[in-house]
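First the structure, in the form of structure tokens, and then the observations on it.
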Amino acid sequence: MKELVNKLKGDRVIWSFVALLALFSFMPVFSASSNLAYIGHGTGNTLGYLVKHLAHICIGFLIIYWVHRVPYHYFRAISKVALPVVWVLLAYTLLKGTVIAGANASRWIQVPFIGITFQTSTLAASILFIYVARYLSKARDENEPFQTSLIQLWLPVFITLALILPANFSTTALIFSMVIMLTFIGRYPLKYIGFIIGSGIAMLLFFLLIAKAFPDSRFFSRVSTWESRIMNFTTDKPDEDDYQIEKAKIAIASGQFGGVGPGKSVQKNFLPQSSSDFIYAIIVEEYGLVGGVAILVLYLLLLFRFVIASHKANTLFGKLVVVGLGFPMIFQAMINMAVAVELLPVTGQTLPLISSGGSSIWMTCFSLGIIISVTKKDEEIAEELEEKERRKEALQRLIDKELAEEDLIGDEKQEVYEEEGMYSIEDNSRNPMNAVLNK
């Protein structure tokens with residue numbers, strides 16, 4: 001274990017906070033999955049869901065480990081190549097989105113031969129943030145005009161958002177807000193940012209007008225859901241979302257200061273998304289105000305660490321990558337908590353590293369791996385380069401040794417041939433058997 005810890009590079013504080021959040025997630029997920037267990041197979045046995053969550057967390061930490069070993073500047077080029085691939089995946093998801101538990105889940109696709117579902121918008125968000133950071137760091141050096149940025153920066157941004165919007169408004173709004181924040185930090189001109197915000201609002205209104213004109217189209221099927229959620233948030237009209245909020249508020253009120261105890265939640269049996277979207281309500285019910293505030297503080301400390309990591313980064317691209325990948329995690333966590341206490345309408349955003357789920361955990365870990373790669377110190381980078389050189393030298397020595405052995409074997413064969421007298425089956429004499437007879 002000590003040897004494994006020594007191999008971990010980068011900011012150890014970020015490693016610690018991530019590990020704490022992941023370890024804490026097991027008890028709430030184990031407890032909150034009972035509702036799914038009863039619906040799924042009628043036994044209430046949540047052990048399978050716990051093992052599944054453990055597998056997701058383990059794979060997530062392997063992703064962090066592998067990604068943090070890669071120099072972060074490699075992702076500059078990767079983002080440019082990966083963005084068109086992401087568009088293809090988003091378009092496929094929009095057309096062929098799968099159905100989960102009978103619900104319209106057009107934001108997921110099912111991976112062939114494996115059987116797991118994957119939310120492509122989470123991958124698109126990470127790739128897009130890296131792409132925006134890449135452009136801003138490049139444009140800062142080259143001082144490109146606004147017309148160029150419209151094509152190279154905002155056109156890819158709006159294409160990505162347009163492919164996500166029909167299935168997931170909350171994720172689209174979050175990504176757009178984070179891109180605007182990233183451009184502001186990257187010192188993109190404020191007058192152009194204002195123009196882009198206005199253009200984004202105009203495009204959204206145009207989309208809603210088309211949805212009103214074609215209400216029966218499957219591409220606009222989610223628009224009515226957005227409207228009902230906003231209307232129910234501003235009024236007291238009861239519906240399914242209001243039911244979830246009411247149960248979440250009951251859970252939070254039941255927790256009081258110290259909570260009812262781990263695994264003793266009652267509202268987990270009534271909340272439909274108790275292990276994912278509303279897991280924070282279950283945490284407060286079981287661990288009370290103390291547990292709820294502790295989770296909030298952990299995320300805020302992680303945000304503070306991201307700010308420090310961004311400040312210490314050696315390059316502008318590194319600074320923007322930390323902001324672009326780190327801040328959305330914290331904002332997503334805040335949105336999840338705000339929904340549970342009815343400060344925001346129901347959005348479907350999970351609690352990073354705590355809510356159950358595969359693709360959301362893995363993409364969060366992918367982003368964390370890149371952030372930790374940025375935080376690696378100069379001596380750690382030098383050590384990795386030295387290790388890489390040692391491996392190249394060792395490989396070259398093996399190649400030289402093999403070549404030397406082949407040369408030695410060739411020389412020995414040549415000596416044997418000279419001692420025995422070499423002959424050839426080629427003969428220009430009249431008798432073609434002379435070569436054999438002479439031997």
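Predicted model, so just to flag it, every value in this text is computed and none were measured. No hydrogens, no waters, no symmetry mates; every other heavy atom, side chains included, goes into these values.
Using a 4.5 Å heavy-atom cutoff, the side chains of Trp15 and Phe61 are in contact. Side-chain contact between Lys319 and Ile185 is absent, with no heavy-atom pair separated by less than 4.5 Å. Side-chain atoms of Ser79 and Leu83, non-hydrogen and from C-beta on, never get closer than 4.5 Å to each other. Residues Ile196 and Phe158 meet the side-chain proximity criterion, which asks for heavy atoms closer than 4.5 Å. No side-chain heavy atom of Thr160 sits less than 4.5 Å from a side-chain heavy atom of Tyr131. The closest side-chain heavy-atom distance from Pro166 to Leu94 is below 4.5 Å. No side-chain heavy atom of Phe176 sits under 4.5 Å from any side-chain heavy atom of Ile164. Residues Phe75 and Val321 fail the side-chain proximity criterion, which asks for heavy atoms closer than 4.5 Å.
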Show me the donor-acceptor pairs within less than 3.5 Å that the side chains of residues 332-340 make with the rest of the protein, sequence neighbours left out.
unit_1	atom_1	unit_2	atom_2	d
Gln332	NE2	Thr350	O	3.1
Gln332	NE2	Thr350	OG1	3.1
Asn336	ND2	Asp277	O	2.9
Asn336	ND2	Gln349	O	2.7

Contacts under 3.5 angstrom, residues 204-211 side chains, donor-acceptor by atom type, not counting sequence neighbours:
none

Expected list for residues 287-301: side-chain donor-acceptor pairs under 3.5 angstrom, two or more places apart:
unit_1	atom_1	unit_2	atom_2	d
Tyr299	OH	Pro352	O	2.5

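By the 6.0 Å and 45° rule, Arg305 does not stack over the aromatic ring of Phe17.
Remark: the Glu286 side chain and the Ser31 side chain contain an N/O donor-acceptor pair separated by less than 3.5 Å. Defined by atom type and a distance below 3.5 Å, a donor-acceptor pair is present between the side-chain atoms of Glu285 and Ser265. Of the N and O atoms on the side chains of Ser170 and Thr347, not one donor lies less than 3.5 Å from an acceptor on the other residue. In this structure, a donor-acceptor pair under 3.5 Å is absent between the side chains of Thr120 and Tyr92.
The two residues Ser355 and His53 have their closest heavy-atom pair at O-CE1, 4.0 Å. When all heavy atoms of Ile175 and Phe129 are compared, the pair lying nearest together is O-CE2, 3.8 Å. Of all the heavy atoms in Ile279 and Pro28, the pair that sits closest is CD1-CB, 3.9 Å. Across Met178 and Phe331, no two heavy atoms sit closer than the pair CE-CD1, 3.7 Å. Taking each heavy atom of Tyr135 and Thr148 in turn, the nearest pair found is OH-C, 4.1 Å. For the residue pair Ser359 and Thr122, the shortest heavy atom distance occurs at O-OG1, 4.2 Å.
With rounding to the nearest 0.5 Å, the separation of CZ in Arg12 from OG1 in Thr375 is 10.0 Å. Between the CG atom of Leu351 and the CD1 atom of Ile283 there is a distance of 6.0 Å, given to the nearest 0.5 Å. Atom CD1 of Ile14 sits about 9.0 Å away from atom CD1 of Ile308, to the nearest 0.5 Å. Rounding to the nearest 0.5 Å places OG of Ser25 at 4.5 Å from CD1 of Ile57. Here CD1 of Ile282 is found 11.5 Å from NZ of Lys247. Values are rounded to the nearest 0.5 Å. Note: Leu165 CG to Met203 CE = 11.5 Å, rounded to the nearest 0.5 Å.
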* To do: Determine, stepwise, if the pair Tyr188 / Ser149 fulfils side chain to side chain donor-acceptor pair (under 3.5 Å).
  => CA-CA 10 Å; Tyr188 192 77; Ser149 68; 2.7 Å; yes
* **Leu353/Cys365 under side-chain contact (heavy atoms from CB on, under 4.5 Å): CA gap, chis, key distance, verdict** => CA-CA 8 Å; Leu353 293 172; Cys365 291; 4.1 Å; yes
* Please assess Phe306 against Val323 for the test side-chain contact (heavy atoms from CB on, under 4.5 Å), listing each intermediate value before the final yes or no. => CA-CA 7 Å; Phe306 288 155; Val323 172; over 6 Å; no
* Start with the C-alpha gap between Ile193 and Leu190, add the side-chain angles, then the distance that decides, and say whether side-chain contact (heavy atoms from CB on, under 4.5 Å) holds. => CA-CA 5 Å; Ile193 293 178; Leu190 286 176; 4.3 Å; yes
* Asked: Could you go step by step and tell me if Glu393 and Arg397 meet the side-chain contact (heavy atoms from CB on, under 4.5 Å) rule?
  -> CA-CA 6 Å; Glu393 292 175 0; Arg397 285 196 299 269; 3.9 Å; yes
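A donor-acceptor pair under 3.5 Å links the side-chain atoms of His68 to the main chain of Lys9, judged by distance alone. Side-chain N or O atoms of Ser373 include one that pairs as donor or acceptor with a backbone N or O of Val70 at under 3.5 Å. Side chain of Ser310 to main chain of Val307: no donor-acceptor pair is present (N/O by atom type, distance under 3.5 Å, no hydrogens or angles).
Not counting sequence neighbours, the partners of Thr315 by the side-chain hydrogen bond (donor to acceptor under 3.5 Å, both in side chains) test are Tyr72. A search for salt bridge (charged side-chain N to carboxylate O under 4.0 Å, His left out) contacts involving Lys249 returns Glu246, Glu342, not counting sequence neighbours. With sequence neighbours left out, Lys212 forms a salt bridge (charged side-chain N to carboxylate O under 4.0 Å, His left out) with Glu227.
Between Phe195 and Phe146, the two ring planes are perpendicular [angle over 60°; tilted spans 30° to 60°].
The environment of Phe26 atom CZ is dense: over 12 non-hydrogen atoms of other residues, nucleotides or ligands sit within 6.0 angstrom.
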